[in-house]
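Read the structure below first, then the notes.
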Protein chains: 2
Amino acid sequence: MKQPVPRVAVPRLTLYLQCLEDLPAGMGRISSEDLASRAGVNSAKVRKDLSYLGSYGVRGVGYDAEHLRFQIRRELGLTREWPLVIVGVGNLGRALANYGGFHEKGFRVVGIFDDDPNKVGTRVGEHRVEPVAALPDVVRERQARIGVIATPPEEAQLVAEMLAAAGVAAILNFAPTVVRVPAHVAVRRADFSTELQVLAFHLHQGTAG
Amino acid sequence: MKQPVPRVAVPRLTLYLQCLEDLPAGMGRISSEDLASRAGVNSAKVRKDLSYLGSYGVRGVGYDAEHLRFQIRRELGLTREWPLVIVGVGNLGRALANYGGFHEKGFRVVGIFDDDPNKVGTRVGEHRVEPVAALPDVVRERQARIGVIATPPEEAQLVAEMLAAAGVAAILNFAPTVVRVPAHVAVRRADFSTELQVLAFHLHQGTAG
DNA sequence: ACATGTGAAGCGCTTCACAGCG
DNA sequence: CGCTGTGAAGCGCTTCACATGT
């Protein structure tokens, strides 16, 4: 029967979701085998992961692609819209703010902040940059649940504390440093150099045993 | 005795490395307990992870911070420099190219590419943007081992194939799509929306059971 | 006295292999 | 017949708890 989703299955569900959205138009159904090969995992894992959502496949046939998309989105909590704020308007902050897929993926930018007077008041995407001092009020008023840190590393800890104090429940930290926040706030690192270093390790293993 | 590093320990080693680099100046040694609390894991895990490198701690005392940094870097293969190329000069590509920590972290940008004629020839960081058509030759000549995809999703698959054909051994894909490459090429996704969706799931769980 | 290093137990995820069902 | 859904076995990682060493 329907069991709770294991921690490690969550990123895989987002992966399947991405694969389903990249599917050629007119592909109404898909087998676990096909989805597995697109996602780069084995089919038993796909079936097991999908079984955590419920029994939405048809034996002998496969899964209805659109229905499956909806069920994954439902399980991940993406059938509502999560308000988020972005702090830091460098190239990275701009790249994030201009990301086109927010609505489609279940998110909405409700504020973007920087302390550079040359940036405050300018437009980025559909938003006007506000001073960091305005962050606490904005987070509360617009009910932001997620804060994205796109500042230089020196400012990341302070921003994390402001976000936590203002009441966000989760932080995505792009700065190459480790921030400490109260236990009730979830933090994920999205660090470029971590990713590169993991790849370097694989290459290193390949060459040096 | 010294065992091979488990897959899942690799990102944690990079995390410890980051914590060690953020240490207050003049902190010559550190205990597993202290490092664990900075990294947000438990101390037994730190000790176990560090034991994969060898026995570099002193019982009753702790670890020499600088020596430990070096040993982690050695194990990850960061005592050499890995040449990489960046494809796509949008805000994201620029953010990546301007990342200041490449040399310190063990990487070197040897080329940056885009197909927009308005961008080719312009400078980004210390590099001049080259046309994507030049990618295969540049990768070969400058021995790039890693390719970073910072293009729109529509172009990601083609770029991935070019990188693989040109001989990179690893790809870091920032585009929100899944790319397929020959099995001998390692791929990591670094997708903004995946990270947000994982956080959304945690928030969703917290509120809805 | 104190913190590391580590066998061993415990736990959760992966994979297998096939029963179940359209 | 074909593909899903799933108990059960297998595997690898985490955590414990203490022997080890300074």
Side-chain angles (χ1 to χ4, degrees), chain A residues 1-16 19-20 23 27-72 75 198 201-202 205, chain B residues 1-16 19-20 23 27-72 75 198 201-202 205:
Chain A
M1 277 309 318
K2 200 178 148 180
Q3 288 173 280
V5 181
R7 221 164 234 290
V8 290
V10 174
R12 283 200 303 268
L13 287 175
T14 74
L15 176 64
Y16 304 151
C19 293
L20 290 170
L23 234 45
M27 221 178 129
R29 51 172 112 85
I30 188 167
S31 68
S32 62
E33 196 72 55
D34 187 355
L35 184 51
S37 100
R38 289 168 193 271
V41 302
N42 70 50
S43 65
K45 198 180 271 173
V46 168
R47 289 198 300 278
K48 191 65 123 180
D49 287 344
L50 296 183
S51 77
Y52 303 132
L53 314 180
S55 287
Y56 298 116
V58 180
R59 290 169 200 241
V61 176
Y63 302 85
D64 179 86
E66 189 172 331
H67 186 62
L68 197 51
R69 278 205 331 252
F70 175 79
Q71 291 299 339
I72 295 176
E75 187 72 33
V198 172
F201 175 76
H202 290 309
Q205 289 294 87
Chain B
M1 276 311 315
K2 200 177 150 179
Q3 288 171 283
V5 180
R7 220 164 234 291
V8 290
V10 175
R12 284 199 303 268
L13 288 175
T14 74
L15 175 62
Y16 305 151
C19 293
L20 290 170
L23 235 43
M27 220 178 131
R29 51 173 111 85
I30 188 166
S31 68
S32 61
E33 197 72 54
D34 187 356
L35 184 52
S37 100
R38 289 167 193 272
V41 303
N42 70 52
S43 64
K45 198 181 269 173
V46 168
R47 289 198 299 279
K48 191 65 121 184
D49 286 345
L50 296 183
S51 78
Y52 303 132
L53 314 180
S55 288
Y56 299 117
V58 181
R59 290 169 200 240
V61 176
Y63 301 85
D64 180 86
E66 189 174 332
H67 186 62
L68 196 52
R69 279 207 326 255
F70 175 78
Q71 291 299 339
I72 294 176
E75 187 72 34
V198 172
F201 175 77
H202 290 310
Q205 289 293 86

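Lettering of chains follows the sequences in order, A, B, ..., and the numbering in each one begins at 1.
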Separation of B/Tyr63 atom OH from C/dC2 atom P, in whole Å?
-> 18 Å
Going from CG on B/Asp64 to CD on B/Gln71, what distance comes out if it is rounded to the nearest 0.5 angstrom?
-> 10.5 Å
With sequence neighbours excluded, residues passing salt bridge (Lys or Arg N to Asp or Glu O under 4.0 Å) with A/Arg12 | A/Asp49
Just by protein heavy atoms under 4.0 Å, how would nucleotides 13-22 of chain D read 5' to 3' in B, S and -?
-> SSB-B-BBB-
Tell me: CD of A/Glu33 to P of D/dT4, nearest whole Å?
-> 8 Å
Check against side-chain contact (heavy atoms from CB on, under 4.5 Å), B/Phe201 and A/Arg7 | CA-CA 10 Å; B/Phe201 175 77; A/Arg7 221 164 234 290; over 6 Å; no
Atom CZ of A/Arg29: over 12 foreign heavy atoms under 6.0 Å = no
Whole-Å gap separating P (D/dG5) and OH (A/Tyr56) | 11 Å
State whether B/Ser32 places a side-chain N or O below 4.0 Å from either non-bridging phosphate oxygen (OP1 or OP2) of C/dT4.
-> yes
Within this structure, what is the OH-to-C1' distance between B/Tyr16 and C/dT4, rounded to whole angstrom?
-> 14 Å
Heavy atoms only: give me the nearest B/Lys2-B/Tyr52 pair and the separation to one decimal.
-> CG-O, 3.4 Å
A/Lys2 NZ to D/dT6 C1', in whole Å, measures 16 Å
Begin with the C-alpha distance, continue with both residues' side-chain angles, and end with the deciding distance and a verdict on side-chain contact (heavy atoms from CB on, under 4.5 Å) for A/Val10 and B/Gln205.
-> CA-CA 12 Å; A/Val10 174; B/Gln205 289 293 86; over 6 Å; no
